[in-house]
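A short worksheet on the structure shown next.
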Amino acid sequence: MTPTHRAGRKSAPGRLRNSIVLTWSLAILLAAVLLPFYWLVVAATHSSNEIFDSPPPLMPGGHLLDNLQSLQTTAQFGRVVLNSLLIAVLYTLCAGTVCTLAGYAFAKYRFRGRDALFGVLMLGLVIPAQVTLVPLFKMMADLEWLNTYQAVIVPNLALPFGIFLMRQSMGTVPDELLDSGRVDGCGELRLFVRVVLPPMKPALAALAIFLFLFQWNDFVWPLIVLRDSASLTIPVALASLKGVTDTDYGAIMAGTAVAAIPMAVVFLALQRHFVSGLLAGAVKE
């Protein structure tokens, strides 16, 4: 037996030990991540008094239907969920279209001031969103868009991160491929749809997840522009349940658990494309 083989045999227990340690470490981290979600689901099935028992309940209770009924009575929660779904889906489609077209233009077209314009656009990544709240509110008031869906959707259509992601991803499409399509008589719109978009599916999936979750979880801007209780989104409606002297935490937990379902569905449906989509722009132009 050669020294190399002996060294390999000696290192086998060490590799097994490292594998066991790594597995248990990942299991502990996974449990730490999932524990708050488990507690959220459990708390959604208990009344407010039971939630604050000592020790707190760790198994599901029997008040889920009562909490959902309270949500429906106090916040018209069925309508609120539909509002959030409609706004998030419309925003994802519209903002996805804008970000994709803008990213393609910045990546593949040469025009005067392109780099300067892109640099100005990227300033949106470092400027706090709170700075723009007052000017945007004044614009919505002048347009008479307050308490409308377009007031929630339109201001953030050209999202800087979305444009940056699509520009980086589309930079990997060879210019020669586009030139050959133009030589064959392919129009710009057809070229974009038939040649550019098909290999961009992972990036588009990552963009869709990001846009949907961005709008679904948005709280401050809908709180400012939506006035009617029937037009509220889920985060705003749940915040309105917190009273000065009395708060139905069971109902809030139930509403939060319901709000987490679409996020989980969207992520699980597109998660196999998510990482590859985020890394699609790692190749330098």
Side-chain angles (χ1 to χ4, degrees), residues 1-46 48 50-64 67 88 92 122 125-126 159-162 164-169 171-172 199-219 234-235 238 249-250 252-285:
M1 185 179 295
T2 64
T4 303
H5 289 163
R6 288 198 298 269
R9 292 188 60 183
K10 289 181 180 179
S11 63
R15 289 198 300 269
L16 179 60
R17 184 170 57 253
N18 292 337
S19 177
I20 293 175
V21 171
L22 178 61
T23 301
W24 277 103
S25 299
L26 292 177
I28 293 172
L29 290 175
L30 180 62
V33 171
L34 294 180
L35 182 60
F37 295 98
Y38 174 76
W39 164 245
L40 171 64
V41 174
V42 169
T45 63
H46 288 273
S48 295
E50 293 173 345
I51 290 174
F52 292 99
D53 282 347
S54 182
L58 297 178
M59 298 301 294
H63 293 275
L64 177 60
N67 292 332
T92 301
M122 289 302 99
L125 292 174
V126 297
L159 202 64
F161 177 79
F164 173 78
L165 174 64
M166 296 312 298
R167 176 186 180 271
Q168 296 302 104
S169 299
T172 62
M200 291 294 106
K201 288 181 180 179
L204 291 173
L207 178 66
I209 292 175
F210 178 80
L211 293 177
F212 184 88
L213 297 185
F214 171 82
Q215 187 58 256
W216 184 263
N217 294 323
D218 193 16
F219 171 72
I234 291 177
L238 292 179
Y249 288 101
I252 292 177
M253 291 296 185
T256 305
V258 171
I261 294 175
M263 294 189 293
V265 170
V266 170
F267 183 79
L268 291 176
L270 301 176
Q271 58 92 18
R272 67 189 184 96
H273 297 300
F274 185 65
V275 175
S276 57
L278 290 178
L279 298 177
V283 180
K284 190 173 180 61
E285 295 181 52

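All heavy atoms count here, side chains included; hydrogens, waters and symmetry mates do not.
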Minimal non-hydrogen separation, [X] against [Y], with atom names:
{"X": "Val42", "Y": "Met59", "value": "CG1-O, 3.5 Å"}
{"X": "Leu125", "Y": "Phe161", "value": "CD2-N, 3.6 Å"}
{"X": "Pro235", "Y": "Asp218", "value": "CG-O, 3.6 Å"}
{"X": "Ala44", "Y": "Ala257", "value": "CB-CB, 4.3 Å"}

Side-chain heavy-atom pair [X], [Y] within 4.5 angstrom cut-off:
{"X": "Phe210", "Y": "Leu165", "value": "no"}
{"X": "Met253", "Y": "Leu40", "value": "yes"}
{"X": "His46", "Y": "Asn67", "value": "no"}
{"X": "Glu50", "Y": "Thr45", "value": "no"}
{"X": "Trp24", "Y": "Ile20", "value": "yes"}

- Count the heavy atoms of every other residue, nucleotide or ligand shown that sit under 6.0 Å from OH of Tyr38, and state whether that count exceeds 12.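 Count over threshold, so yes.
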- May I ask you to decide if the ring planes of Trp216 and Phe212 are parallel, tilted or perpendicular, using 30° and 60° as cut-offs?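 Trp216 vs Phe212 ring planes: parallel.
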- Task: Examine Phe52 together with Tyr249 and report whether their ring centres are nearer than 6.0 Å.
- Result: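 Centroid distance Phe52-Tyr249: below 6.0 Å, so yes.
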- Query: For the side chain of Thr256 and the backbone of Ile252, is there at least one donor-acceptor N/O pair under 3.5 Å apart?
  - Reply: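 Yes; at least one donor-acceptor contact below 3.5 Å.
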- Task: Report the distance from atom CG of Leu34 to atom CG of Leu29, rounding to the nearest 0.5 Å.
- Result: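 Going from CG on Leu34 over to CG on Leu29, the span is 11.0 Å.
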